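Start at 1 with the first residue, then count along the sequence. A quick note: this is a predicted structure, and the numbers were derived from the prediction, not measured.
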Amino acid sequence: MRKTSAIIRSSSELRKNYNSIADICRKTKAPVFLTKNGVGDTVIMDMETFNRREDDLATAERLFATEYSRLLGTQGCTVDEFERNMREAIAKGAEHGA
């Protein structure tokens, strides 16, 4: 995913030019920050980007929980389970990169 500078628009612009702002979200795959009276208020993004971020967050949460359990000395998974989980994570990553 490419990094872009923050895209900021006013909430009134959203009301007037929804399609234009929705196109920005889809084309850049970046969130658009909306302001109200010059102050940050809301963030919007296209569904594909939102779903990808949700998947990434869920993966990060699973990795964190696994690492936390490991640090506590809790029984982890077998090598086969680990390998299967890694293959699934790599396949999901490849889907997002396509």
Side-chain angles (χ1 to χ4, degrees):
M1 178 167 37
R2 64 179 175 225
K3 295 286 183 189
T4 59
S5 56
I7 302 168
I8 302 170
R9 299 291 187 268
S10 69
S11 58
S12 62
E13 187 176 343
L14 177 67
R15 287 189 296 275
K16 296 174 191 172
N17 301 312
Y18 172 83
N19 289 333
S20 171
I21 293 176
D23 285 342
I24 291 170
C25 291
R26 284 189 292 275
K27 288 177 183 173
T28 64
K29 302 295 182 200
V32 173
F33 299 86
L34 300 177
T35 62
K36 184 174 183 179
N37 299 323
V39 177
D41 182 63
T42 308
V43 178
I44 63 170
M45 65 180 66
D46 68 290
M47 290 299 294
E48 180 184 338
T49 302
F50 174 79
N51 289 330
R52 186 181 66 248
R53 286 179 181 229
E54 288 294 302
D55 288 346
D56 291 348
L57 179 59
T59 299
E61 287 173 344
R62 285 193 306 276
L63 291 171
F64 175 78
T66 301
E67 180 64 6
Y68 186 70
S69 293
R70 185 190 68 78
L71 291 172
L72 292 176
T74 306
Q75 177 63 34
C77 59
T78 67
V79 172
D80 290 337
E81 291 170 328
F82 175 80
E83 186 175 318
R84 185 178 60 247
N85 290 339
M86 289 304 296
R87 288 183 194 281
E88 288 175 9
I90 290 167
K92 278 190 176 185
E95 289 174 14
H96 291 308

For residues I44 and C25, determine if any side-chain heavy atom of one lies less than 4.5 Å from a side-chain heavy atom of the other.
yes

Give the C-alpha distance, both sets of side-chain angles, the deciding distance and a yes or no for salt bridge (charged side-chain N to carboxylate O under 4.0 Å, His left out) between E88 and K92.
CA-CA 6 Å; E88 288 175 9; K92 278 190 176 185; over 6 Å; no

Check the pair I24 / R9 against side-chain contact (heavy atoms from CB on, under 4.5 Å), numbers first and verdict last.
CA-CA 11 Å; I24 291 170; R9 299 291 187 268; 3.6 Å; yes

First locate atom CG of N17, then atom OG of S10, and finally report the distance between them rounded to the nearest 0.5 Å.
9.0 Å

Checking T35 side chain against G40 main chain: does a donor-acceptor pair fall under 3.5 Å?
no

Indicate the atoms forming the closest heavy-atom contact of L34 with L14, along with that distance.
CD1-CD2, 3.4 Å

Work out which heavy atom in A30 is nearest to a heavy atom in I7; give both atom names and the distance.
CB-CD1, 4.2 Å

Would you please say whether a donor-acceptor pair under 3.5 Å links the side chains of T59 and R62?
yes

Of all the heavy-atom pairs spanning D46 and R26, show the shortest one and how long it is.
CB-CG, 3.8 Å

Set out, in order, the CA-CA distance, both residues' side-chain angles and the distance that settles side-chain contact (heavy atoms from CB on, under 4.5 Å) for D41 and V39, then state yes or no.
CA-CA 6 Å; D41 182 63; V39 177; over 6 Å; no

Distance in Å, K29 NZ paired with R52 CZ, rounded so as to fall on 0.5 Å steps
7.0 Å

Is there side-chain contact between R84 and E81, with at least one heavy-atom pair below 4.5 Å?
yes

Between atom CD of E54 and atom CE of M47, what is the distance when rounded to the nearest 0.5 Å?
9.5 Å

Report whether F82 and L63 are members of the same hydrophobic cluster (ILVMFWY, side-chain heavy atoms less than 4.5 Å apart, transitive linking).
no

